[in-house]
Amino acid sequence: MEQLVKRINGMIHLKAYNRQRDDLFFITVEKSQLELVLSHLKNNEGFTHLAFLQAVDFLEDSKFQLTYMLYNYDIRVNLGVKVLIGRDKAEMTSIHKLWAHAWQYQRELHELFGINFPGSPRVEESFVLEGWEEMPPMRRDFDTKEYSERTFYQRPGRSTNDPKEYMKEKMYKNYAASPRIRRDDE
Amino acid sequence: MSIWTKVLYAVVSVSVATVYGLTLGGIVRKLYARVHGRFGPPVWQPFLDIIQTYSRRVAVSHGNMFFLGPVLRLAGGLGTYLFIPVIFGSALFSNFSMAGDLLLVMYFVFFGQLGMALGAGQGGHPYSPLGIARGLAQMSAFEVPFSLAVIAVAIQYNSLNITSIVAAQQGGFMHWTLFTNPLAVIAAMISILGMNMHAPFSIVMAPQEIPIGPPIEMNGSFLSILQTNRGLFAAAKLVLFMNLFFGGATNIIEMIVKTFFIYMFSVFVGAAYPRFRPEQSFRFFLKWPAFIGVLSIIYITYLGGAS
Amino acid sequence: MSNLSESKYRGFKADRSKYPEMENGKPVIDLESHRYTKLWQGPQHPGVTGNMAVELIVNGDEIVSAKTHVGYLHRAFEKLMERRRYIQCFPLVCRICVPEPDTNEYCVSAAMEDLAGITVPERALWLRTLNLEMSRIGSYLMWLGGQAGSLGMGAVGQWTIGMRDFWLDLFEEMTGGRVYHMYMIPGGVRKTLPDGFRDRARGLIVRTRKLLYDVENTFLSNAIIKSRLQGLGVITTEMVDEFGIVGPIARATGRECDIRINNPYVKYGELDVKMLTSTVGDAYARAELRYRDLHQSLDLVTEILNRIPEDGPIQADMPNLLNWKIPAGQTYVKAESTRGEHGFYMVSDGSGKPRRVFARGASYTHAISLLEELAVNISISDLAGLMVSLHTCPPEIER
Amino acid sequence: MNRKHIDEIEKQMKLANEGLPEEERKFFADVIPTRVDPFNKYWEQFLNWARSRSLWMLAFGTGCGATELRPLMTSRFDMARFGIFPRPTPRQASVFVVGGYASIKTIKRIIRSYEQMQGPKYVIALGSCTINGGMYYDSYNTINRLDYYIPVDVYIAGCMPRPEALIAGFNRLKEKIVAGECEGMNEYTDKFDWFKKNQKEIIKDWNMPDYNW
Amino acid sequence: MKLKDVLSPLRVWERAAKKPMTIKDPINERPGAANYRGFHKNDFSKCIGCGTCEEICQNDAIDLVPVEGQETVEGDSGLRPMIDYGRCCWCALCVDVCPTGALTMSNDYTWIADNPEDYRFVPGADKTKWQESEKGYTRSPDIQIIDYDRVDMQELKPEERDKSFIEIVKGYNKEQAMKEAERCLECGLCIATCPAHMDIPGYIAAIRDDDLDNALRILYETNPMPEICGRICTHKCETACALHNNGDPLAIRWLKRYIVDQVPADKYSEILGTDHLEDEVLNRKVAIIGAGPAGLSAAYYLAIMGYKTKVYEALPGPGGMARYGIPEYRLPYDQIDKDIDYIRSLGVEIQFNTRVGTDITLEELHSSYDAVFAGTGLHLGRSTRVPGSDNKRVYFATDLLREVTLGNEIDVAKNIVVIGGGNVAMDITRTLARLQNQKYGKVQILTTCLETEDIMPADVEEIVEAREEKAVIDPGWGPKEIEIRDGEVYGLHVVKCLSVFDENGRFSPKFDEEQKKFFKADMVVESIGQGMDLSYLSENIKSNLKFTPRGRIEVDDNFQSSLQWLFVGGDIIQGPDVIHGIANGYIAAKGIDTYLNRK
């Protein structure tokens, strides 16, 4: 595995490399060099199986991380190739020519994360949603609970008590309520 | 016998046949259930089903032809049944038997399916035409061995009157067509598999493929007519086969026993096999059964048969 | 497609000389010409596995084009998990694949353990192995019924799904749940084996084998089954990588891919799991392979039952799982479900809730890109059979 | 459901297509089904008896509940002996078993199938998800309360309810049918506007192949 | 197509002859498995309404609702879970997490209803057919969702500590504290039990987040003496801890100590925002009698409210009983000073060696201050009054402890008997044991008390540690007579004590005179309780004050006595323990504030 990393590093600049388990490694590459790396891994290194392609939303850094999980049947190792792309108007090169099922993932990411893959077949078609009008729902800033409460009728009549507050109400109602008892009005 | 008596007799006969056919259906469901390792619905379940479908408050119609479909289907069943003498020598169950009724019956056996085709076609659901296409194609396919067998029988007994064919088979079971012309019976029995639409020839209603096919849009009372017809038509077919190939029946018990076993044949096969693809089914009928049918005619005409 | 397949797919051969007209390598289908009919197989259709739909364009009985539609079961598990604590995730994930929920439970627990660096005790590992293998049996039995039923043979389905219910009884004894077992919690399992469980399990194995003998006689060596499945949906070795095919479907083409052997997890490394492969790659080969795999699972369960330790902890020393925080990291844990590689990709950011969880189900590619490829040129009556032979499970596609 | 509660909502209710011109209202396919009252009392009682013994269930596996329908249909539990049969087409079915959660895409088909069913029609709702959202209460793609979209006759608790619980649910449905309490079909007609309003609030895309569901 | 393939399927009919798999009467014939996760049951005798089930439920299915007949008491919120079966997914996490084991599941699984609103019930309160069912899911003892095992506290070994007064408990380090803080369920049952109602889950959460500044702020909201409380608090909160029902309670006291130990004293004013306090000083003055926890607590809160406060203390050092009643190995003096120095840094002035009543009268204070707070504590010993207890070699524990703190030499005898079973008795036992050890190199001390060991008021760990330090503890005996030979103590005669309290819970010991024992001793220490010294109240004031039947000064909710200007708190009102004193001081400070604003 170390040698493989060396070989790739000789080809392009690897941003990061880490070993999670004996059979799971991650490398991070530049966005522009992804296609090169993937086709090299597929054609020359035996990483022929694309297990999945998924995105992670790092809202704080305003980045999407795309993970391409590859598998090599000979050395029996999973290799995750990570790419960080910008979150605004996210766009990524399509790899549907490398694997025939990649378009599916790209279509899903387009719908659920709003990442565009120009040239990917049927990428504009809806995948799991129908008549969706909000922002792509898998983005971190989409609040699903709030949406659900707003849209679907919750059964009314539920109310709960916090034992903390309830016991205060019952047992020591008159005890200091203010956290800080400095008076500011004088 | 006045015409009114005859009509009255026919009504009684039709009712008995319908009840019998439906009960038979219930028994067969039970049998299938035993094969499946379960108990199955009660024997009278088909009657409840008919009442239930009949009692629907709403029935969506897709036009006049849609309405005619089930009616024509029932007409086919009635027509088939009414021209078959059910019990040899019984006035009550002789129906409107006459000279050349075999031809009429042959026509009516297929008439219902055609009527259904018209009605279901107007349902607008794409699975109906698919089912109809399959149904008509399969019908044409199993018609070949069946017609050949019937022709063989007609040649053998030199008659197109069912009553006389039955009469010719009286006097011991060795006189049955089954033994006098076994090839024709084989061809006919294979075609009854298709006619009864049990597996492996259940392609018309195949739920996993074209969810129940032609009657997919049929509902409420339309469906209840179809269900009634199913009982009647099943009885009619079985009686026809009994008359043509198994020596007919002289009393009702004999009729019940014989038809039951004829029906059991297709049940016996049906429980064990999945269904064919449509074109496999068509090819099947046009191959060996048709060949056997031809052989039976050859056997009868050239090799002389029994009579 | 290989020559073998076309010769064996008896009786049905599409004539592609006249239609559809090809333009730039793509078929042009003009629905207005009335030569084609558009059909929806599903979601409300008895021949569709689960709640999904295939949009078909047919010419007579022949499928000219197929398009899979999913999303009818989309519950947004991954989104929901992002707002649940780690411990709260495990009741959710088993719903991802209904016939075989335990693989999900295992994967998500193992992913958390991998990220948090927890070692699961020996006995818990054995119990997990037992649970996983039993769930494979249940899933295969259900599949057998589905495959026979899709071709119109009800009896086999009635038997095997009935028999699966007895396995569910065992699950119920062991875990407390019938369908959703929710047995594997992070760090271990929830219950030990009840008294007399082993004997009952052994008895059931004998009964299952007896039933499988009947199934073999009536299903696998059935002339009509053979005539319909042989040559149907042939997958070549080249397609395996192209479409990301995994599991029994890939093994039926000769590709040696069984995660239990390639990347042993739980206790599979210590068990004698054989790589079952076939070379034909059609639906019948897959059926036969699954049938053999089912027998192997029965063998494995027998062996596991003998080897589960009687004593020992069933859960690692865990912190308070209510406040459990997992250090930042990413991992991918996979397991061999009956449909193939089932994996969970989990990203943690050091908080008490996962940053991102992705469930990779084998059906994801099988039911969409592969099915759309294989469904073309076959008869509409074989579509249900093909779908079942790919063992598609819609909830794991859309999650 | 609380009767008062519904009345309250009915008062405030406004249709999604209110204010649209007549032609466009049609576009929403808001044709109110005809109300059909029960027949003569004794005749209806007899029919109800027959209906309760021949329940044709729509075989639409809408959610994970479908997984327990299969054991129910097959040899271990054998629902056929109770007069319950799966039916492949909604036109012929009388019982709709909603198997748990319904996503937006599915509820659209559920409504369509329900409307295609011929009355009297009954709905059995399985599991928590149909009652108050179940474990997907906060999901953006699943409904919370089925009774806002179609009338429901019987609820069965569980996740998933076992086949035995399903049988018990069917028994309860039979009791209700015999007692003549299952008028969901007419309820849907009477409160059609309210149901349609609820449906339209969540289903934005009403486009569907017109011959299927 | 082989002929075999055509014929062998017909063997399906073999199955027709076999017995069907079908269950004849599924509803009655097949109950759920023995540990089936069916519908919920709740055992109200165990349930404490902590809400952990609600906390873990990922479906938001559980509400805590008041239930008729369930009173809110310490350690039981009186709330009970109501489960919404429109949400539940039967994962049984609530059962696994339940710290008391009250919530379980039955193996019942059939519930049909026409009305969806029916599916909401309080297990245990609503009549259900499965409440009494015996089978069903319970938590396996082999697994833990929450952590029942406390992180062990590092302590000095007996041989390291039995000669010196170095602090025994080492305190948690960061890793241990985080681990212990993680165990918290955040139910908040402890808050009601704590006399100062500290936001315990709040500061524990802050420890988990490693935000000690915030934790300190939370501590100082109601408790200005966290160093003292973090060591010697009676931690009633830990007995109310939900984890206590099935495992070790959370080490709340040690966690509090961890917070203050980590924050250096010079950062306090910055963190707590008291660095510009002098800008807001009011022209009102309050006198405080006694620099004990109650007095200093009142002084602190009055100070941050802007009052000028002055504390009059009879002894030469601040801290009151915390300093003079508690040995140094439990509460080192520098830690007391850390708390008190911070309070003094806010402008609180302490005048030492000034006994109110002798050096300055209460009337003088009244005339020169707007209000007076008295927290004079319980400094007088209480005697057993058995024959011989008036000997000079019979001491009170409080006196001895004060002498030790003052640094005065104590004439430790070789053979000592201590009478008493409380924490003070343990303190004096262990102090004297150390002194004996220093002086003679061996320990010969025996402690006896009325109570048997299981109802001894002292903390269990105190008893264990005292024994580790080679003190003999022989409980269950009532002192009869101190034998005096030649004017010197010779020993203690005791009889078996059968019961301490009568059926009404009143103190009324019963003895078995037949069973006797004799403990030889050169010195006897009595530690059976303390009394208050109200001599600073002049007759005039006394006659205007109202007293309770038990002889305590009557105060209202704000610790205001019947003389409007006099507020009284601390051990002389409630307790005796440090946390009550602190709480009293806090409330009294607020009361004084209200009183002075109104005036």
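Sequence lines set the chain letters: A, B, ... in the order given, protein chains first and strands last, and positions in each chain run from 1.
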Inset, instruction - Check for a donor-acceptor pair, side chain of B:Gln280 on one end and backbone N or O of B:Arg277 on the other, with a separation under 3.5 Å. - result: yes

Inset, instruction - Could you tell me which portion of B:Ala272 (side chain, backbone, both or neither) has an atom closer than 4.5 angstrom to a non-hydrogen atom of chain C? - result: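 Only the backbone of B:Ala272 comes within 4.5 Å of chain C.
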
Inset, instruction - Please assess B:Gln45 against B:Arg29 for the test side-chain hydrogen bond (donor to acceptor under 3.5 Å, both in side chains), listing each intermediate value before the final yes or no. - result: CA-CA 9 Å; B:Gln45 189 65 42; B:Arg29 278 193 189 186; 5.6 Å; no

Legend entry - Most chain B-contacting option - heavy-atom pairs closer than 4.5 Å, from C:Ala148, C:Ser381, C:Gly154, C:Pro46: C:Ser381

Legend entry - Contact winner vs chain B - C:Ile225, C:Thr218, C:Val48, heavy-atom pairs under 4.5 Å: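 Counting heavy-atom pairs under 4.5 Å, the top option is C:Ile225.
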
Legend entry - Contact class of C:Leu151 relative to chain B, heavy atoms under 4.5 angstrom: both

Inset, instruction - Look at C:Arg178 together with C:Asp165 and state whether they make a salt bridge at an N to O cut-off of under 4.0 Å. - result: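 C:Asp165 and C:Arg178: salt-bridged.
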
Inset, instruction - State, with a plain yes or no, whether a side-chain heavy atom of B:Leu193 is found less than 4.5 Å away from one of B:His198. - result: no

